[in-house]
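Read the numbers this way: they start at 1 and go in the same order the structure lists the ligands and their atoms. Because the structure is a prediction, the values reported are computed rather than measured.
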Amino acid sequence: MVPLALCGGPQVRPRPYAPWPSPSTATRKALIAAHDSGIWWQDGASAAEELEAWLTAEFGHPAVAVSNGTTALELALAALGIGRGDEVLVAATTFLSSATAVSHCGAQPVPVDVTADSLTLDPEAAAVAVTSRTRAVICVHLAGHPADLTGIRQLAERHRLAVVEDAAHALTAAWDGTRIGTVSDATTLSFQAAKLLPGGDGGAVILRDEDTARRVRMQANCGRERGSGTYDHALIGTNARIHPLAAALVMAQTGWYPQAQQTRAHHHQALGDALAKQVEKGLLVGPVPQATVHDHYAVLLRVPGRLAERAITAGTLATALDAEGVPAKPLFPPWQSVPAYRDDDRARSAHTPHAAQAALGTVAVPHHVLLDPHTPEQITAALAKTVAGADDLADWQDQHHNAPGGPA
Ligand SMILES: Cc1ncc(COP(=O)(O)O)c(C=O)c1O
């Protein structure tokens with residue numbers, strides 16, 4: 001047996017992956033053009049307006065480009081009138097911003113469990129969490145997998161809730177033929193550096209109607225209409241403008257997106273097939289059949305049975321894969337379990353077993369790895385190696401379990 005790289009053996013993938021974000025001639029040209037235009041602020045015909053026009057055409061609804069995905073969520077919730085005394089249901093498996101945006105509006109975020117097969121918000125679990133104070137639901141298109149928009153819309157109609165889609169991990173995903181961002185009250189995007197369309201930082205809100213979009217645009221511009229007088233503050237807003245240079249970077253990558261998405265989907269499928277043949281069936285999370293389009297923001301891998309039997313955690317498996325040259329991290333913990341929510345008894349008391357299990361038993365490999373043609377065979381080989389080395393990995397975990405900075 002070849003020793004695990006974690007234990008001093010050779011790596012499955014010695015050559016590093018191409019970096020992400022991925023600087024190119026196109027991004028450099030776009031950046032220089034935005035620079036040379038002298039429009040370094042969102043004022044007139046900047047790249048920010050160009051990005052908004054592109055998003056509006058993509059989703060068929062008005063878009064507002066903003067500073068990042070976190071402020072996009074905050075602005076969306078504020079525009080929907082969410083505030084003190086309200087409760088908002090939030091998928092338990094997500095980056096913390098989906099929940100903190102609710103807290104920043106003065107409302108109570110309520111964790112809702114995810115389904116075991118897609119790790120996106122479970123509409124049935126959401127129905128159980130509804131109270132007379134519930135005003136909205138935030139689903140997350142986790143790792144590019146569309147949430148169950150049919151079930152979520154039915155729930156929202158039944159209880160008169162607003163629907164917000166956190167699409168920081170997605171762009172074109174579709175549930176049963178319905179594209180994300182086209183049927184909800186608000187959808188938020190992120191252009192942070194790790195995302196599918198990276199601008200360094202940046203975000204956007206897609207809204208149902210032009211009036212709400214105009215209000216969000218004003219909120220994000222210190223309460224002013226764009227292009228109005230310096231002191232024409234009609235609302236108490238904030239500064240959440242996107243930087244035009246970031247918008248230019250995002251725009252420069254939009255043309256390439258469909259091809260990159262196809263490549264990711266192709267390699268994801270090949271990986272699923274190879275894992276089923278050579279390691280174990282069912283190791284990939286999703287896509288479920290209703291996920292008619294998937295953006296593949298990450299490869300989500302379940303800890304193989306032979307490792308789970310030895311109580312090997314996602315943290316340990318991620319460390320082992322990383323050592324083999326495959327970048328990996330354990331999946332998000334349920335957001336209510338992080339220290340920031342330690343004093344929130346309402347959130348803490350929520351029972352989200354699938355989200356808890358997913359955090360312990362799921363590893364995330366970033367999307368850019370799926371652009372490499374060797375990925376299906378190399379991730380399969382790396383997983384097969386960890387399964388063959390289960391005893392060594394279990395020993396390694398035991399040794400590091402209580403060590404400072406260890407993965408436990
Ligand atoms: C699901 C999700 N929502 C929201 C955000 C926040 O986006 P940003 O980093 O642009 O503020 C992230 C960022 O990583 C995310 O993963």
Suppose we measure from [atom] to each protein heavy atom; which comes out shortest, and what is that distance?
| atom | result |
| --- | --- |
| atom 12 (C) of ligand 1 | Phe95 CD2, 3.5 Å |
| atom 14 (O) of ligand 1 | Lys195 NZ, 2.6 Å |
| atom 16 (O) of ligand 1 | His169 NE2, 2.7 Å |
| atom 6 (C) of ligand 1 | Thr70 OG1, 3.4 Å |

Identify, by atom number and element, the atoms of ligand 1 in contact range of Ser190, meaning under 4.0 Å from any of its heavy atoms.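 Counting atoms of ligand 1 from 1, those under 4.0 Å from Ser190 are 7 (O), 8 (P), 10 (O).
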I need the atoms of ligand 1 closer than 4.0 Å to a non-hydrogen atom of Asn68, numbered in the order shown.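 Going through ligand 1 atom by atom, the ones under 4.0 Å from Asn68 are 10 (O), 11 (O).
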Which pairs would a plain distance check flag for residues 360-371, meaning a side-chain donor or acceptor within less than 3.5 Å of a matching protein atom at least two apart in sequence or in another chain?
from: Thr362; atom 1: OG1; to: Ala358; atom 2: O; distance (Å): 2.8
from: His367; atom 1: NE2; to: Ala194; atom 2: O; distance (Å): 2.8

Ser97 to ligand 1: N or O pair under 3.5 Å?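 Ser97 vs ligand 1: no N/O contact under 3.5 Å.
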May I ask you to check whether Gln192 has an N/O atom sitting below 3.5 Å from an N/O atom of ligand 1?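 So ligand 1 has no N or O lying under 3.5 Å from an N or O of Gln192.
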Determine whether a donor-acceptor pair (N or O, by modelled atom type, separation under 3.5 Å) exists between the side chain of [X] and the backbone of [Y].
| X | Y | result |
| --- | --- | --- |
| Arg224 | Arg226 | no |
| Asp86 | Val88 | no |
| Glu52 | Ala48 | no |
| Ser37 | Ile39 | yes |
| His169 | Leu142 | no |

Out of [options], who gets a non-hydrogen atom closest to [atom]?
| atom | options | value |
| --- | --- | --- |
| atom 8 (P) of ligand 1 | Ala72, Gly69, Ser67 | Gly69 |
| atom 4 (C) of ligand 1 | Asp166, Thr94, Val140 | Asp166 |
| atom 2 (C) of ligand 1 | Ala101, Ala168, Gly200, Pro198 | Ala168 |

May I ask you to check whether Asp295 and Thr172 show a side-chain donor-acceptor distance below 3.5 Å?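 The criterion, which ignores hydrogens and geometry beyond distance, is satisfied for Thr172 and Asp295.
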Close aromatic pair by centroid cut-off 6.0 Å: His243 and Trp40: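 Between His243 and Trp40, the centre distance exceeds or equals 6.0 Å.
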